[in-house]
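Here's the structure we're looking at; comments come further down.
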2 protein chains.
Amino acid sequence: MDKFKAHILLVDDDEGIRSLVKKYLNENNFLVTTSDSAENASEKIKIIKFDLIILDIMMSGKSGLDFINDHKKDLDTPIILLTAKGEASERVEGLELGADDYLAKPFEPKELILRIKNILTKTIKIDQKRIIEFENVKIDLNKLLIIKNKKEFKINNTEKVILEKMINNPGNTFSRESIGQLISLDKERSIDVIITRLRKKIEIDPKNPKFLQTIRGAGYVLWIE
Amino acid sequence: MDKFKAHILLVDDDEGIRSLVKKYLNENNFLVTTSDSAENASEKIKIIKFDLIILDIMMSGKSGLDFINDHKKDLDTPIILLTAKGEASERVEGLELGADDYLAKPFEPKELILRIKNILTKTIKIDQKRIIEFENVKIDLNKLLIIKNKKEFKINNTEKVILEKMINNPGNTFSRESIGQLISLDKERSIDVIITRLRKKIEIDPKNPKFLQTIRGAGYVLWIE
DNA sequence: AATTATAATTAAATATTTTTAATCATGATA
DNA sequence: TATCATGATTAAAAATATTTAATTATAATT
C-alpha cells in the first residue's frame with residue numbers, strides 16, 4: 001500500500017493545545033501545520049491544499065464558525081470542530097454550516113485519531129483498497145494490472161471501475177443494471193462480455209469462476225476470502 | 001434531483017425511543033425499520049440491505065458492540081451508535097470496531113438528522129449533484145446529457161467522470177495528471193483533446209471558455225457561479 | 001516587441017471497446 | 001427428464017475513443 005501522509009491544518013489560539021495535539025498527530029503519522037487564528041488559517045489555505053482542518057470554535061478574533069462561513073463556498077476540505085463541552089447549539093450550527101464532525105473538549109487523543117481516520121477514509125479514501133491479493137492473484141488498481149500466476153494482464157478503465165467497486169464491497173451482489181450504471185453502458189449483453197473478459201484475467205480457472213461468481217437472476221459477486 | 005429515500009434500521013430495546021425516533025425520521029423523509037434487539041437486527045440485515053443502521057449500545061441480550069463484532073466482516077452498512085452520556089471508553093471501542101459515528105443520549109433530534117445526512121452523503125452520495133444548471137446549460141450526469149440552449153449533447157463516460165469530479169469540487173484546479181488518473185489515461189495531449197471536446201458541449205462560446213477554464217501551468221477548473 | 005513556453009484545435013491514423021448474433025452451457029422447474 | 005429461462009463464450013462488425021502530429025493561438029517573460 002502506498003505510504004501517504006495526510007496533511008492537517010490545526011487551528012487553535014491556545015499554544016498549549018497546538019503543540020500537544022501537533023505532537024500527538026505527528027506520532028500518528030500525520031503531517032501537521034498550525035495556525036493560531038482563523039485569519040492566519042485563511043492565509044494558509046490559500047497556499048496549501050490540506051486534507052483536513054481541525055478547527056477550534058472559540059478563538060479570540062474570528063471564531064471557527066466565522067472561518068467556516070468565510071470559506072464555505074470555496075472550501076472543499078473536511079473540517080473537524082473542537083467545541084466546548086456541552087455547547088450543543090454551537091455544534092449543531094457548525095454541522096449545519098458544513099463541518100464534517102466535532103469533538104468536545106477536553107477530548108481523548110485516541111478519539112481524535114479515530115475521527116480523523118474516519119473522515120479521511122471517506123474523503124481521500126486513504127484506506128480504500130487499491131492493491132489486493134488473494135491466492136495467486138494480485139490486483140493493482142493503480143497500475144491497472146492483474147498478476148495471476150506470475151503472468152500479467154492489463155485491465156482497462158471499465159474493468160478497473162467494476163473491480164474497484166466490487167473489491168470495496170466484497171460479497172455484495174451487483175446487478176447487470178447497476179454495473180452498467182457504473183460504467184455508462186446499458187446493454188446487458190455487453191456486461192456479460194465484460195465479465196467473461198474479467199474472469200479470464202482474475203480467475204485461475206475462468207470456466208469455473210471462484211472469485212467473480214454469478215448469482216442467477218440477480219447479478220455478480222466478488223468473493224475474496 | 002432524484003427522490004431517494006434512505007432506508008434506516010433503528011435498533012433499540014426501548015420501545016419509547018424506537019417510536020419517537022422512528023416518527024421523527026419519517027418526518028424527515030427517511031424510511032425506517034426497527035428492531036428491538038441485536039438478534040432481531042441480525043435477522044433483518046440478512047433480508048434487507050439498509051443504507052444506515054442506528055444502533056443502541058446498551059441493550060438487554062446482545063449489546064450494540066456485540067452486534068458490530070458479529071457482523072464487522074460482512075457488513076458494509078454505516079453505523080451510528082447511540083451511547084450513554086460520557087461513556088468514552090464505549091464510544092472509542094465502537095469507533096474502533098468500525099462504527100461510523102456516535103451520538104450520546106439524550107440527543108437533539110436535529111443533530112441526529114445532521115449526522116445521518118453527513119454519513120449518507122459520504123456513502124451513498126445522496127447529496128451529490130447529478131443534475132446541475134447554470135445559465136443556459138444543464139448537465140445531467142445520470143442521463144449523460146448536456147442541454148445547452150435547448151440543444152442536446154451526449155457525453156460519454158470519460159466526460160462524465162471528469163465533469164462529476166469537477167462539479168463536486170467547483171473552483172478546484174485539476175492537473176492534467178490528476179484528470180488522467182481519474183480516467184486511466186496518461187498521455188497529456190489526450191486530456192487537451194478531451195477538454196476541447198467538453199468545451200464544445202458545455203460552453204456557450206467554446207473558444208472563450210467561461211466555465212471550464214485553463215489555469216496555465218496548473219490544469220483546469222470548473223467555475224459554476 | 002520579440003522570444004519562449006504553454007495551450008488549443010483539427011483531422012487522420014490507430015487502437016480499443018461495445019455491440020451484435022449465433023451457439024453452447026447450465027440451472028430451474030413442471 | 002424435458003422444457004424453458006438465463007447465462008457464457010466467441011468472433012466479427014460497428015462504433016467510439018485515444019493518440020499523434022501539424023498548425024495556430026495565447027500568455028508570460030525578457
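Chain A is the first sequence line, chain B the second, and so forth, proteins listed ahead of strands; every chain is numbered from 1.
- In terms of modelled atom types and a separation under 3.5 Å, the side chain of A:Glu203 and the main chain of A:Leu212 share a donor-acceptor contact.
- Side-chain N/O atoms of A:Arg176 include none lying less than 4.0 angstrom from OP1 or OP2 on D:dT6.
- Distance, B:Leu198 CG to D:dT18 P: 11 Å, rounded to whole Å.
- Heavy atoms of B:Pro206 sit under 4.0 angstrom from primed sugar atoms or phosphate atoms, though from no base atom.
- Note: CG (B:Asp205) to P (D:dA25) measures 15 Å, nearest angstrom.
- B:Ile195 comes within 4.0 angstrom of nothing in the nucleic acid, heavy atoms only.
- Within a 6.0 Å sphere centred on CD of A:Glu177, heavy atoms belonging to other residues, nucleotides or ligands number 12 at most.
- Phosphate contact (OP1/OP2 of D:dT6, side-chain N/O of A:Tyr220, threshold under 4.0 Å): absent.
- When rounded to the nearest whole Å, the span between CZ of A:Arg189 and P of D:dA5 equals 15 Å.
- Candidate nucleotides D:dT9, C:dT18, D:dT19 were compared by shortest atom distance to the side chain of A:Ile194, and C:dT18 ranks first.
- In terms of phosphate contacts, A:Thr158 brings no side-chain nitrogen or oxygen within less than 4.0 Å of OP1 or OP2 of C:dT17.
- The NZ atom of A:Lys200 sits 13 Å away from the P atom of D:dA8 (whole-angstrom rounding).
- Of the side-chain N and O atoms in B:Lys207, one or more sit less than 4.0 angstrom from OP1 or OP2 of C:dT10.
- Contact annotation: B:Asn156 side-chain N/O to D:dT16 OP1/OP2 distance is not under 4.0 Å.
- More than 12 heavy atoms of other residues, nucleotides or ligands sit less than 6.0 Å from atom NZ of A:Lys22.
- For the residue pair B:Arg197 and B:Thr158, no side-chain donor N or O sits within less than 3.5 Å of a side-chain acceptor on the partner.
- Looking at B:Asp101, B:Thr34, B:Leu10, B:Leu9 one by one, the single match for side chain to side chain contact (heavy atoms under 4.5 Å, CB included) with B:Ile54 turns out to be B:Leu10.
- The CD atom of B:Gln213 sits 16 Å away from the C1' atom of C:dT6 (whole-angstrom rounding).
- Atom CD of B:Glu188 and atom P of C:dA8 are 12 Å apart (whole Å).
- Ionic pairing of A:Lys154 and A:Glu159 is not present here: no N-O contact between side-chain nitrogen and carboxylate oxygen is shorter than 4.0 angstrom.
- Distance, A:Asn157 CG to C:dT16 C1': 13 Å, rounded to whole Å.
- In this structure, B:Asn156 has no side chain to side chain donor-acceptor pair (under 3.5 Å) partners at least two apart in sequence or on a different chain.
- One interatomic measurement links the two molecules: CD of B:Glu159 to P of D:dA17, which rounds to 7 Å at whole-angstrom precision.
- Applying the 6.0 Å contact sphere to NZ of A:Lys148 captures more than 12 heavy atoms from other residues, nucleotides or ligands.
- Contact between the side-chain N/O atoms of A:Thr196 and the OP1/OP2 oxygens of D:dT9 is found at a separation under 4.0 Å.
- Along DNA chain D, the nucleotide nearest to A:Ala218 and the one nearest to A:Val193 differ in position, and the one closer to the 5' end is contacted by A:Ala218.
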Which atoms of nucleotides 28-30 of chain C (N or O only) lie under 3.5 Å from a protein N or O atom, and what are those distances?
none

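- Comparing atom distances between the A:Ser190 side chain and each of D:dT18, D:dT9, C:dT19 picks out C:dT19 as nearest.
- Considering only the side chain of B:Asp192, C:dT9 comes nearest among C:dT19, C:dT9, D:dA8.
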